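Below: the structure, in structure tokens.
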Amino acid sequence: MHALLEELGTAASAALVNTFGAEGIPAVLVFEPSPRADVQCTAAMQLARALRKAPRDLAAVILPTVLAHPAVAQAELAGAGFINVTLHSEWIAAHLDDALVHRPIGAGQTVVLDYSSPNVAKPMHIGHIRSTILGEAMKRVLRAVGYTVVADNHLGDWGTQFGKLIVAWHRYLDADAYARDPVGELLRIYVKYSEEEKVQRAALGAPAKSEEDDDAPLPAQAPELLLAARAELVKLQAGDPANVALWRQFVDVSMAEFDRVYARLGVSFDEVLGESFYNDLLAGTVDDLLARGIAEHSQGAVIVTFTRERDGEALPPMLVRKADGGFLYGTSDIAAMRYRTGRWSPARILIVTDERQQLHFRQLFAVARRLGVPAKLEHVWFGLMRLPEGTFSTRDGNVISLESLLDEAEKRAADVARSLNADLPEAELTAVARVVGLGAVKYNDLSKDRQTLITFTWDKALALQGNTAPYLQYAYARIRSIQRKVAELGATPGPLVALEPTERALVLALLKFPLAVEEVALSARPHALCDYLFALAGEFSSFYNELPVKDAEPAVRAARLTLCDRVATVLRQGLDLLGIEVVERM
Ligand code: ARG
């Protein structure tokens, strides 16, 4: 399909150039599938203004070249200047195999994909889970179109919170609780620390402060706890063996929990280069920013300022070194940009986080551009997910909750599977429940535009109707069952024969698979692939409701088996690109 669209677009462009000269005319005009026609071109409307011509006049010049293409059965000028193209059914049938071929648009190019990136000693919250699911889908999609992908988990494993945690460890640790649930206990003592610090602050008559003020200079009247925490932090940063050992322990126990989540979700990384990895590069990074005139001194600190003229937009200044010499989250991000550029020369760097970090990444990317980082920089942000009361059974949004969420998903999926097929043996039912439950949770995240706010409900996520994973997984299993039944008759797949209208629509839908995958690779919006798979399953339903497979005469039956096979393959591959498995029976 891609090749055809490109041929049509090139021929159409040439026709315009011949008539009006090359000025303002792209080398390839856009032709794309549309609900109104097999293929549609809207370029005449888009170019009309620049060329000072009526859209219909432009379309009339393009039309003959479209008609001349051997794949085209019919093309007509419609409305304001649309060109609607009908393809020869023979052409469509002959290109069935293209449905499984992805253009290697990323060949020879590397993408650094920064996702998941939870914070050590804190449980992974729901935002990290979304980042993990979206990032994993992007990794698979980018690889499918030929990119070399470096999946990098930018762990939050460094920063001021470790001074506090060390103090809390010495004062508040319950060793038994820690042995049972290390991250839970680290969270508890951290929260305890914060509460105690607040009490001390109030006693001093100092204003209460929020977590975000952590990087602010010490107040004149500092609580004793905060002084202790800063002292432990300085020791840690100076390499004090006891503190470094504690810090490493925090990282290790946290990583063990994260890894349990990753294993369950089927997620893997190539690199886990956390913030601490960049620690030794921070001083040099800031010096270099200063030497190049990108950063400047301001009240003892070092900041980068942004102007509309130079950076395209005026943004608040970015702090890269505090007056006390300490560095920040953003400083390690700048170091990471340079490190990644030096090590992998990526064509693109994608960072997946929730929407609250948009300003941070606009600042970071502006700094990177001034540093000459040549990669295309993309902040793949997503809206927050709303959870109705009671979705999680224990502590909100934490690792244990995720595990209980997945347990609950599997339990509910088992009910769904039982309702579909009461005869499924218990072991198989468990396997189905795992795949469907996990699929439902992931697909719920992936199927909506990532920038919209979504609400998670069990009924919607697990519904067997509508744009859900269980629906697609069931569609897949149903096709496999059809295939098995027909195979029992000794029939095998064969070449396509003259296509009925619903078969034609189905093949056309299959041919759009690589287009959907490419769209996701370029736009980092996996919901486009979900929409595609949902539409494909719908086309299959129409086909199967209307035409017999098992009882068709042999040549037709063989052709329809081929169609079943391709639809199943595309559903399986498409779901796999989203990180979702299928089962052979449901
Ligand atoms: N650890 C951060 C957080 O939890 C996300 C890190 C994203 N990646 C990055 N390069 N800053 O908010």
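In what follows, residues are counted from 1 in the order of the sequence shown. Remember, it's 1-based here, ligands and their atoms both numbered in the order they're listed. The shown structure was predicted, so the numbers you read here are calculated from the model rather than taken from an experiment.
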- Spacing of Leu281 atom CG and Arg338 atom CZ [to the nearest 0.5 Å]: 8.0 Å
- Task: State yes or no: are the ring centers of Phe513 and His102 separated by less than 6.0 Å?
- Result: yes
- Item | Set of side-chain hydrogen bond (donor to acceptor under 3.5 Å, both in side chains) partners for Arg180, sequence neighbours left out | none
- Parallel, tilted or perpendicular: which describes the rings of His379 and Phe361, with under 30° parallel and over 60° perpendicular? tilted
- Under 6.0 Å from the CD atom of Gln299, do we count more than 12 heavy atoms belonging to anything else shown? no
- Rounded distance (nearest 0.5 Å) linking atom NE2 of His154 with atom CG of Asp152: 8.0 Å
Which protein N or O atoms sit under 3.5 Å from any N or O of ligand 1? Give each pair with its distance.
{"from": "ligand 1", "atom 1": "1 (N)", "to": "Ser117", "atom 2": "O", "distance (Å)": "2.9"}
{"from": "ligand 1", "atom 1": "1 (N)", "to": "Asn119", "atom 2": "OD1", "distance (Å)": "2.8"}
{"from": "ligand 1", "atom 1": "4 (O)", "to": "Asn119", "atom 2": "OD1", "distance (Å)": "3.4"}
{"from": "ligand 1", "atom 1": "4 (O)", "to": "Asn119", "atom 2": "ND2", "distance (Å)": "3.1"}
{"from": "ligand 1", "atom 1": "4 (O)", "to": "His128", "atom 2": "NE2", "distance (Å)": "2.7"}
{"from": "ligand 1", "atom 1": "8 (N)", "to": "Asp114", "atom 2": "OD1", "distance (Å)": "3.1"}
{"from": "ligand 1", "atom 1": "8 (N)", "to": "Asp114", "atom 2": "OD2", "distance (Å)": "3.4"}
{"from": "ligand 1", "atom 1": "10 (N)", "to": "Asp114", "atom 2": "OD2", "distance (Å)": "2.7"}
{"from": "ligand 1", "atom 1": "10 (N)", "to": "Asp333", "atom 2": "OD1", "distance (Å)": "2.7"}
{"from": "ligand 1", "atom 1": "11 (N)", "to": "Tyr329", "atom 2": "OH", "distance (Å)": "2.7"}
{"from": "ligand 1", "atom 1": "11 (N)", "to": "Asp333", "atom 2": "OD1", "distance (Å)": "3.3"}
{"from": "ligand 1", "atom 1": "11 (N)", "to": "Asp333", "atom 2": "OD2", "distance (Å)": "2.8"}
{"from": "ligand 1", "atom 1": "12 (O)", "to": "Gln357", "atom 2": "NE2", "distance (Å)": "2.7"}

